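Take a look at the structure set out below.
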Amino acid sequence: MATIRQLISTWIDRGDLPPDQVPQALVAVGLASSGRPWASFLDRALLWLGGLCLALGVLFLIAFNWSELGRLGRFALVEGALVAAVVVSLRMPQGLSRDVALVVAGLLLGGLLALFGQTYQTGADSWQLFALWAVLLVPWALASASVVLWLLMLALVNLSVSLYFDAWWLSNLEWAGGRPLDWLLSALNLSAWAIAHGWAQRSGVDASPWPLRLVAVAGGVAVSWLALVWIVDGALNQLWPGLAWVAWLALLVWCYRVRQPDLFMLAGGCLSVIVIITAGLARALLDIDEPGIWLMLGLIVLLMVMAATAWLRRLQRELAQ
Amino acid sequence: MTRLAEQLREKLQDQGIELAAEAMDAEPSPPWYLRVMTAIGAWFSALFLLGFLVLSFNWAAIATPVATVLGLLLMVAAWGLQRVSVSDYGEQVGLVLSLAGQGLWLYAVVAHNWDLVALIWWPATLVQVVLALVMPSYVHRLLSGLLAGLFLANAMAVAGEPLLTAPLLWLLVALAWLWEFRWPGRVRHVQAVAGGVSVALVLLTVSLLTGEEDLMAWLAPGPDRLPWVSTELAGALCGLVSAAVAVVLMRQTNSASAHQWRALWLGVPVLVLLSVYAPGLAIGAGLLVLGFAGGNWPLMALALTCLLGYGSAYYYLLELTLMTKSLILMGIGAGLLLLRLWLVRFGRGGQ
C-alpha cells in the first residue's frame with residue numbers, strides 16, 4: 001500500500017492524473033476513506049485498544065497493591081497470566097493473534113524466572129537467567145513452529161553470550177586476530193541465517209520474508225563488527241577476521257545476486273562494504289595531520305555510495321519488469 | 001513501466017480514468033532500505049567534508065557575522081544542490097550542509113550573547129517553517145517539520161504555556177492528513193511536512209502530556225503558566241480534535257447507518273471526557289484512524305508507537321495516583337469494548 005500511495009501521489013503531482021478525477025481515482029485504488037473496510041477495522045481496533053487499556057489498567061492495579069501481595073500471591077499472578085496466555089495461543093489459529101499470545105507467554109516466562117531469582121536470591125548471574133530462558137523456550141518453539149519464538153530465542157542467546165563474556169572479563173581477549181566474543185556471535189548468527197535460509201528455500205516462500213531478513217541483518221552486523229574491530233584495533237598481522245568477512249560477502253552475493261536476487265540483502269552487503277573500506281582507509285590515513293586527507297576520504301566514500309546506488313537501482317529496475 | 005504501475009493503470013481504466021502516457025515513465029521510487037544505505041553513506045562523506053572545513057579554518061578567530069553569513073551560504077548551497085540533484089545522494093549531502101548551516105547560525109547566536117538562548121526558539125521555529133516550505137528534498141521537509149514541532153514546544157514552554165502545543169500540533173496534523181490529496185503539485189510536499197510534524201506530536205505526547213512540562217528545563221524558565229490553561233483543558237482540546245476527525249471521516253464514508261451515527265454521537269462526549277485524563281490515548285487513536293483512512297501504514301505504525309509509549313509513560317504521571325490511573329484505563333477499556341459490542345449488534349447495517 002505504501003508504494004501505491006507513492007505512485008498515486010507522484011502522478012497527481014506530475015499532472016498525469018486529471019485533477020477533477022483525483023477523488024474518483026483515490027476511491028478506485030482504495031486510498032479514499034469511503035472505500036476502506038471500516039467495519040472490520042473498527043471491530044479489530046476497538047477489540048485490541050479496549051483489551052490493551054483493560055490489561056494496562058489491571059497491571060497498574062497490581063503495581064499499586066504489589067507490596068501487599070505475599071510471595072504466593074505474586075507467583076500466582078504471574079503464573080496465572082502465563083497459563084492464560086498459553087491457553088489463548090492454543091485456541092487461536094495460525095496467524096498474528098496466535099503469535100502475539102505466544103510472545104506474551106514467552107515474555108511472561110522470563111518474568112517468572114526473574115521473580116524466582118528475586119524472591120529466592122539464588123545468586124545466579126544475569127547471563128544464566130537469559131540462558132535458562134532461551135533453553136526453556138526451545139520446546140515451545142518446536143511445538144508451536146512459531147517463527148517469532150525462534151527469533152526471541154536467538155535474541156536471548158545473543159544476550160546471554162554477551163553477558164557471560166562480560167561477567168568473566170573475557171570481552172577483551174584476542175583469538176585469531178579478533179575477540180572470542182565477536183567470533184562466537186558471528187558463528188552463532190551466521191548459523192542461524194543458514195538455517196533460516198534453508199527453511200525459506202524448503203518452504204518455497206518469498207525470497208526474503210521478514211524473519212529471514214532480521215536473521216540476515218544479525219549475521220551481517222556480527223561479522224561486519226568482527227572485521228571493524230579487527231581494523232580499528234590494528235591486529236592486522238592476523239588475516240582471519242578479514243577473510244571471514246570476505247567469505248560472508250562472497251556467499252551473500254552468490255545467494256542473493258546469482259541464485260535468487262534480493263535487493264534488501266545486497267543493500268546490506270553494500271553498506272557493510274562501505275563501512276569496512278571507510279574504516280580501513282580512515283585507520284590508515286587519518287594519522288597524517290593534513291586536512292586534505294579528510295577531503296579525499298569524503299570523495300572516496302562519495303564514489304562508493306554512488307557506485308552502490310547505481311548498481312542496486314539497475315537491479316531494482318530489472319526485478320520490477 | 002513496473003508491474004504495479006500497470007495494474008493501477010488497468011484499475012483506473014476500469015473506472016473510466018485515463019492516465020497520461022508519461023505516467024508509465026515514472027521511475028520507481030527506491031525502497032526505504034536503499035534510502036537508508038544511501039543516507040548513511042552520504043552522512044559519512046559529508047562529515048569528512050565538514051571535517052576538512054573545520055580543520056582548514058581558525059574558527060575561534062572568525063567573527064559572529066562571518067559565521068552567520070557562512071551558515072546562510074551553506075543553507076543556500078544545500079537548496080541549490082537539492083534542486084539540481086535527482087539522486088538520493090545529493091539529497092542527503094544537501095541535508096548535511098543545511099544542518100551545518102543551521103548549526104553555524106546557532107553558534108553565532110550563542111557566541112554573541114548566551115542570554116539570547118532562551119529567545120531563539122521562535123526564530124528557530126520560523127526558520128524551520130521556511131525551510132519546510134522551500135527545500136525541495138522530501139527528507140529535508142520531513143526533518144524540518146519535526147524540528148519545527150519540537151522548537152515550537154520549547155518556544156511555548158519558555159513563553160509560559162507548554163500545554164497548548166500538543167492540541168495545536170494535533171489540529172495541524174489532522175487537517176494535513178485529511179486534505180493531503182487536495183493540492184495537486186504539492187501532495188508529496190504536504191505528506192513530508194505532515195509526517196515530520198506527526199513524529200514531533202508523538203514525541204511531545206509521550207513526554208509532555210505525562211508531566212514533562214517543557215523539554216528544555218535548563219533554559220531560562222520564563223513567566224508562570226497561564227492560569228486558565230490546565231492539563232485538563234489541553235486534554236479536552238485534544239479530545240475535541242479527535243472527535244472532529246471521527247465526524248469528518250464518518251461524513252466522507254457516505255454510507256454510515258443511523259445506528260453508527262448514534263454510536264458516534266454517544267462516543268464523542270465520552271471521548272472528550274476521557275481525554276481530559278488520558279489525552280495521549282485520544283491522539284494515538286485519532287492518528288490510527290487517520291492512517292487507516294488514507295491507507296497510510298507508516299502513520300498507523302506511528303500511532304501504535306504513540307499508544308504504547310503513552311501507555312507506558314502514563315505509569316509515571318505524578319498528578320494522579322496509580323489507583324486513579326488504573327480505574328481510568330479500565331474504564332476506557334470497558335467503554336471501548338462496549339462500543340464494539342454496540343457496533344456488532346446494531347451497526348452492521350450501513351456497510
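Just so we're clear, the structure is a prediction, and the values are computed from it rather than from any experiment.
Residues Ser9(A) and Gln191(B) approach most closely at OG-NE2, 3.1 Å, considering heavy atoms. Between Leu56(A) and Gly311(B) the shortest heavy-atom distance is CD1-CA, 4.0 Å. Contact between Phe181(B) and Leu31(A) at its shortest, heavy atoms only, is CZ-CD1, 4.3 Å.
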**Request:** Show your working on side chain to side chain contact (heavy atoms under 4.5 Å, CB included) between Phe41(A) and Val289(B) and close with a plain yes or no.
**Result:** CA-CA 9 Å; Phe41(A) 167 73; Val289(B) 167; 4.2 Å; yes
**Request:** Go through the steps for Ser45(B) and Leu299(A) under the test side chain to side chain contact (heavy atoms under 4.5 Å, CB included), then give the verdict.
**Result:** CA-CA 7 Å; Ser45(B) 73; Leu299(A) 291 174; over 6 Å; no
**Candidate pair Ile4(A) and Leu8(B), rule side chain to side chain contact (heavy atoms under 4.5 Å, CB included), full reasoning** = CA-CA 8 Å; Ile4(A) 294 176; Leu8(B) 282 182; 4.1 Å; yes
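Taken to the nearest 0.5 Å, the OG1 atom of Thr278(A) stands 6.5 Å off from the CZ atom of Phe44(B). Atoms CG and CD, on Leu7(A) and Gln7(B) in that order, are 10.5 Å from each other to the nearest 0.5 Å. Rounded to the nearest 0.5 angstrom, Leu34(B) CG and Phe264(A) CZ are separated by 11.5 Å. The CE atom of Met306(A) sits 11.5 Å away from the OG1 atom of Thr38(B) when rounded to the nearest 0.5 Å. With values rounded to the nearest 0.5 angstrom, Ile274(A) atom CD1 is found 9.0 Å from Ile40(B) atom CD1. Note: Leu52(A) CG to Leu308(B) CG = 6.0 Å, rounded to the nearest 0.5 Å.
Counting heavy atoms from C-beta on, the side chains of Arg5(A) and Glu180(B) come closer than 4.5 Å. Side-chain contact between Leu327(B) and Phe60(A) is absent, with no heavy-atom pair separated by less than 4.5 Å. The shortest distance between side-chain heavy atoms of Met37(B) and Leu312(A) falls below 4.5 Å. Between Phe48(B) and Leu281(A) the shortest side-chain heavy-atom distance does not fall below 4.5 Å. Within the 4.5 Å cutoff, no side-chain heavy atoms of Tyr33(B) are placed close to those of Met265(A). Proximity of Trp11(A) to Leu12(B): side-chain heavy atoms (C-beta onward) are separated by under 4.5 Å at one or more points. In this structure, Trp43(B) and Val301(A) have side chains that are not in contact, with every pair of non-hydrogen atoms separated by 4.5 Å or more. Using a 4.5 Å cut-off on side-chain heavy atoms (C-beta onward), Leu54(A) and Leu329(B) make no contact.
Counting heavy-atom pairs closer than 4.5 Å to chain B, the top-ranked of the candidates Ala308(A), Cys270(A), Cys53(A) is Cys53(A). By number of non-hydrogen pairs under 4.5 angstrom with chain B, the leading residue of Ala63(A), Ala55(A), Pro19(A), Pro18(A) is Ala63(A). Here Ser326(B) is the residue among Ala334(B), Ser326(B), Gly333(B) with the most heavy-atom pairs under 4.5 Å with chain A. Comparing Leu337(B), Ile17(B), Leu336(B) by heavy-atom pairs within less than 4.5 Å of chain A, the highest count is held by Ile17(B). Most heavy-atom pairs under 4.5 Å with chain B: of the set Leu47(A), Asn65(A), Val27(A), Leu42(A), this distinction falls to Leu47(A). Counting heavy-atom pairs closer than 4.5 Å to chain A, the top residue among Arg188(B), Lys11(B), Gln15(B), Arg182(B) is Arg188(B). Ranked by non-hydrogen atom pairs under 4.5 Å with chain A, the options Leu19(B), Ile332(B), Asp14(B) are led by Leu19(B).
In this structure, Arg340(B) contributes its side chain and Asp43(A) its backbone to a donor-acceptor pair below 3.5 Å. In this structure a side-chain-to-backbone donor-acceptor pair under 3.5 Å is missing from Asp13(A) to Pro184(B).
Heavy atoms of Leu288(B) lying under 4.5 Å from chain A belong to its backbone as well as its side chain. Contacts between Ala32(A) and chain B at a heavy-atom distance below 4.5 Å involve the backbone alone (N, CA, C, O). For a residue to count as touching a neighbouring chain, one of its non-hydrogen atoms must lie under 4.5 Å from one of that chain's; by this rule Val93(B) does not touch chain A. Using a 4.5 Å cut-off between heavy atoms, Leu338(B) makes no contact with chain A at all. When heavy atoms are compared at a cutoff of 4.5 Å, Leu304(B) does not approach chain A at all. Proximity to chain B involves both the backbone and the side chain of Leu263(A), based on heavy atoms less than 4.5 angstrom apart.
For CH2 of Trp225(A), the number of neighbouring non-hydrogen atoms (other residues, nucleotides, ligands) closer than 6.0 Å is 12 at most. At most 12 non-hydrogen atoms from other residues, nucleotides or ligands lie less than 6.0 angstrom from CH2 of Trp179(B).
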